[in-house]
Amino acid sequence: MKSFYVTTPIYYVNAAPHAGHAYTTIAADALKRALRLAGRRAFLLTGTDEHGQNIERVAREQGIPEQQLCDQNSARFRGVFDRLDVSYDRFIRTTDDLHKRGVLAIWERIAKAVAPDGRSAVYSGTYAGWYCPRCEGFKDEDELSQPDNRCLTHEQPCEWTEEQNLFFRLSAYSDWLKAEIESGRLQIDPAVRRNEVLAVIRDGLKDFSVSRARVKWGIPVPGQPDHVLYVWVDALSNYVTALGYADGDPLYREFWEQGGVRLHIVGKDIIRFHCLYWPALLKAAELPRPTHVFVQGHITKNGRKVAKSTGNIIDPEALIRDFGLDAVRYFLLREAHYGADWDFSDEAFLKRFNADLANDFGNLVSRALTMVHRYCDGKVPPRAPAVEERSGFVEQCLARYERLEFAGALQDIWAHVSRANQAIVAFEPWTAAKDPARRAELDAFLYGLLEDVRLAAVLVSPVMPRAAARVLAMLGRDGLTSVDELAWGRLEPGSALSAVEPLFPRRDKDMKENKPVSDVKPDATPAPAAPEAPAAGAPAAAPAAAPAAPDGVAIIGIDDFAKVDLRVGLVKEAQRVPKSDKLLQLQVDLGTEVRQIVAGIAEYYAPEQVVGRRIVVIANLAPRKLRGVESNGMVLAASPEGRAVLLSVDGDVPPGTKVK
């Protein structure tokens, strides 16, 4: 099986990392992890671009040497990527000797090259035009906005520049580039970006500078020490130099010279450099070209451009601190189809965290493992065959990852999670556990359920590596995520499960104000006096009624009823109260907080039967203790023939909704 080489752009070190850098690098990392999970030989490269006019300017403004600035900011990128759990195989810096040697070796070939029209590929000429120092690029009139000849990307005025440079004859490579792209030898995705590049070719390609005379911080041009190699030769060459091109490293032969897929993941603002400049430079040097360029879309926030100047920012480190790394990685790759522009909102992040991670995946893991602990003494039951074929689902998911369809792969996994949650409701293991004659049936169901949990964890591991490792450790698999784990039946019967730990506790947070919703005090409502505690083990009783009318029902006024705060609650966790056959200790999500409530329903409901239910709760009942456990509220239940039947709510009503 041929190798797969994945690269991010190398990031410019004149400023700190931002959300766009995180988005690209997480995507590349998830792809590499998925490829390795499928048994592919994959290599991930990222790094930093450290030469050019902007580095000179910022270093001068800060009063430090250029190398010191590069060292400081490159370390910041590496630190952020480490915190994002990016498992890159090499981190290249354009100030590395490895890179400099490789650039000079490539330049030697380009400088001697003959273009398709028979003229030299490199020639000396004079440039006069508008130059954006932040893009480090010369701009045509249609790439400027008025007044002030502003760069469309950076919205800053460009500089009029005239200088003698070395040029690369890109115009002579138009027909060759068009043929490469239209044939698919250079695959560009999404299709809209491919069409965009072809349109640029149709409009006519212009030659570009490959050296700069006014910039000193860079790699000197051999024989012309007053020039440095411009970014298109210097920075773009990193994809080859990082593999040890200059030294004949076996990595270069495996992943570039003889590689199967050579994929660059880039932002759409640098598409023409990667789809036109870079392939043409490699053609001139007679080196293999990339096989695939995937163009990532841009992220806005609340419909506006992300910018520090306006305060409209996405801080990935703050999100990681508040919600965990896996949630951030999941949201970035799940919320939109990769390659499309999309809009980030705090509300969407919180909603997906609670719905997908807490309610769906976290709830499945908790329910499945808790039942095995309860009904099988915490050991994997006897092996059972799969109820339905799983290999098709696994293969489809891995294929989606390889096509960078991260949202699609995650949709497939969550459909699998949903089926497993629905199977629990349909089978009712708590009912089967009461019938000894159904023991084998129960064991088979629970084994299949554990396998479904394991497969979900393995397949989601490219996106959420830490959460997947935690689930697999709870299953006694030591965080294994290899191609061998994709087959059904890897759990060994009789092996012990570890303790069940909360995976994604539900979060209720006002992200705009950057503080928990529970910190915002609700309108004060006087709570009724605490009723007398019921006898030990008795079902939770209703509040003491007013004196009864002749028919036995107390008559109250609307003002009295208004004092009772009825809310929809979502049961997050449930367990039996020690030394009581009748009491369950519940953790109930009320929208602004999670309450502990003790209810006398254990004779009629197993703990796993109530987890995930939307129930009705008296939310302003004074606290009281039952069997030594504090209860902060009361659940409502009907009592036909003395049985407790929980009052439930139809539909996806948000926790905390008031019942009127």
### Query
Does a side-chain N-to-carboxylate-O contact under 4.0 Å join E108 and K112?
yes
### Query
Can you check whether S171's main-chain N or O pairs, donor with acceptor, with D207's side chain at less than 3.5 Å?
yes
### Query
Crowded around D175 CG? As in, over 12 foreign heavy atoms under 6.0 Å?
no
### Task
Start with the C-alpha gap between Q164 and S124, add the side-chain angles, then the distance that decides, and say whether side-chain hydrogen bond (donor to acceptor under 3.5 Å, both in side chains) holds.
CA-CA 7 Å; Q164 188 79 13; S124 180; 3.0 Å; yes
### Query
Are D412 and R400 within salt-bridge range, i.e. N to O under 4.0 Å?
yes
### Query
How far does CZ of F81 sit from CG of L44, to the nearest 0.5 angstrom?
9.5 Å
### Query
Between S211 (side chain) and H227 (backbone), is there a donor-acceptor pair under 3.5 Å?
no
## Note on the structure
Between the CZ atom in R33 and the OG1 atom in T481, the distance rounded to the nearest 0.5 Å is 8.0 Å
### Minimum-distance pair of heavy atoms, taken over all atoms of A111 and V122
CA-CG2, 4.2 Å
### Query
In Å, rounded to the nearest 0.5 Å, how long is the span from CZ of R36 to OG of S482?
13.0 Å
### Query
Rounded to the nearest 0.5 Å, how far does SG of C151 lie from CD of Q156?
9.0 Å
### Query
Would R78 count as a cation-pi partner of F91, with NZ or CZ less than 6.0 Å from the six-membered ring centre and within 45° of the ring normal?
yes
#### Entry: Presence of salt bridge, E196 and R272, under 4.0 angstrom
no
### Query
Is a side-chain N or O of W256 found less than 3.5 angstrom from the main chain of P288, in a donor-acceptor match?
yes
### Query
Going by atom types only, do D29 and S87 share a side-chain donor-acceptor pair under 3.5 Å?
yes
### Task
State which residue, out of T7, V6, T8, fulfils the side-chain contact (heavy atoms from CB on, under 4.5 Å) condition with I265.
V6
### Message
Tell me if a side-chain donor or acceptor on E66 pairs with a main-chain N or O of E56 at a distance below 3.5 Å.
### Response
no
### Task
Could you check if a side-chain atom of Y5 sits within less than 4.5 angstrom of a side-chain atom of L45, using non-hydrogen atoms only?
yes
### Message
Under 4.0 Å between a side-chain nitrogen and a carboxylate oxygen: does that hold for R466 and D85?
### Response
yes
### Query
Side chain of D117, backbone of A172: donor and acceptor closer than 3.5 Å?
no
### Task
Over all heavy atoms of both residues, which pair between V463 and D326 is shortest? Give the atoms and the distance, please.
O-OD1, 4.3 Å
### Query
Should the ring pair W130 and W160 be called parallel, tilted or perpendicular, given that the plane angle runs from 0 to 90° and is split at 30 and 60?
perpendicular
### Query
Mind checking whether F294 and I188 have side chains closer than 4.5 Å, heavy atoms only?
no
### Query
Below 4.5 Å, heavy atoms only, C-beta onward: do L198 and R202 meet side chain to side chain?
yes
### Query
Can R403 and D189 be counted as an ion pair, charged N to O under 4.0 angstrom?
no
### Salt bridge D89-K32, side-chain N to carboxylate O under 4.0 Å
yes
### Query
Can you tell me how far CG of D82 sits from CZ of F77, rounded to the nearest 0.5 angstrom?
13.5 Å
### Parallel, tilted or perpendicular: ring planes of F331 versus F344, cut at 30 and 60 degrees
perpendicular
### Task
Measure the shortest side-chain to side-chain distance between F406 and L332 over non-hydrogen atoms and say whether it is less than 4.5 angstrom.
no
#### Entry: Carboxylate-amine/guanidinium proximity below 4.0 Å for R101 and D247
yes
### Task
Over all heavy atoms of both residues, which pair between V483 and G39 is shortest? Give the atoms and the distance, please.
CB-N, 4.1 Å
### Plane angle bin for F208 and W232 - parallel if under 30°, tilted between 30 and 60°, otherwise perpendicular
perpendicular
### Task
Answer whether the closest heavy-atom distance between the side chains of V233 and F168 falls below 4.5 Å.
no
### Task
Check the pair R57, E61 against salt bridge (charged side-chain N to carboxylate O under 4.0 Å, His left out), reporting the backbone distance first and the verdict last.
CA-CA 6 Å; R57 176 181 58 81; E61 291 171 353; 3.3 Å; yes
### Summary
d(R253 CZ, S3 OG) to nearest 0.5 Å is 12.5 Å
### Task
Let me see the working for E180 and K283 under salt bridge (charged side-chain N to carboxylate O under 4.0 Å, His left out), right down to the final yes or no.
CA-CA 11 Å; E180 289 292 294; K283 172 67 172 174; over 6 Å; no
### Task
Using a strict cut-off of less than 4.0 Å between a Lys/Arg side-chain nitrogen and an Asp/Glu carboxylate oxygen, indicate whether K178 and E182 qualify as a salt bridge.
yes
### Query
Can you name the closest pair of heavy atoms from A467 and F504 and give their distance?
CB-CZ, 3.7 Å
### Task
Kindly determine whether Q296 and Y338 satisfy side-chain hydrogen bond (donor to acceptor under 3.5 Å, both in side chains), including the steps that lead there.
CA-CA 7 Å; Q296 173 183 290; Y338 193 63; 2.5 Å; yes
## Note on the structure
Y401 and L31 have their tightest heavy-atom pair at O-CD1, 3.3 Å
### Task
For the residue pair L186 and P279, establish whether any side-chain heavy-atom pair is separated by less than 4.5 Å.
yes
### Donor-acceptor pair, side chain of D249 and main chain of L251, under 3.5 angstrom
yes
### Task
Give a yes or no on whether E286 atom CD has more than 12 heavy-atom contacts from other residues, nucleotides or ligands under 6.0 Å away.
no
### Task
Decide whether a cation-pi geometry holds between R212 and Y230; the criteria are a distance under 6.0 Å from NZ or CZ to the six-membered ring centre and an angle within 45° of the ring axis.
yes
### Cation-pi check, R507 onto F323 ring (under 6.0 Å, within 45° of axis)
yes
### Query
So do F349 and V328 actually touch side chain to side chain, heavy atoms under 4.5 Å?
yes
### Query
Side chains of R352 and Y330: does their closest heavy-atom pair fall under 4.5 Å?
yes
### S345 and N302: CA distance, side-chain angles, deciding distance, side-chain hydrogen bond (donor to acceptor under 3.5 Å, both in side chains) verdict
CA-CA 6 Å; S345 74; N302 299 321; 4.9 Å; no
### Query
Does a donor on one side chain and an acceptor on the other come within less than 3.5 Å for Y239 and H274?
yes
### Message
For the backbone of A121 and the side chain of R169, can you confirm whether one donor and one acceptor N or O come within less than 3.5 Å of each other?
### Response
no
### Message
Has K100 got a side-chain atom pairing as donor or acceptor with T94's backbone, closer than 3.5 angstrom?
### Response
no
### Task
Test the R289-W278 pair against the cation-pi criterion, namely NZ or CZ under 6.0 angstrom from the six-membered ring centroid and within 45° of the ring axis.
no
### Message
Can a donor-acceptor pair be found, under 3.5 Å and without considering hydrogens, that links the side chain of R262 to the backbone of G259?
### Response
yes
### Query
Hey, is R93 close enough to D71 for a salt bridge, meaning N to O under 4.0 Å?
yes
### Donor-acceptor contact present, side-chain H99 to main-chain D234, <3.5 Å
yes
### Query
side-chain hydrogen bond (donor to acceptor under 3.5 Å, both in side chains) between T46 and Y11: does it pass, once the steps are laid out?
CA-CA 8 Å; T46 191; Y11 303 112; 4.6 Å; no
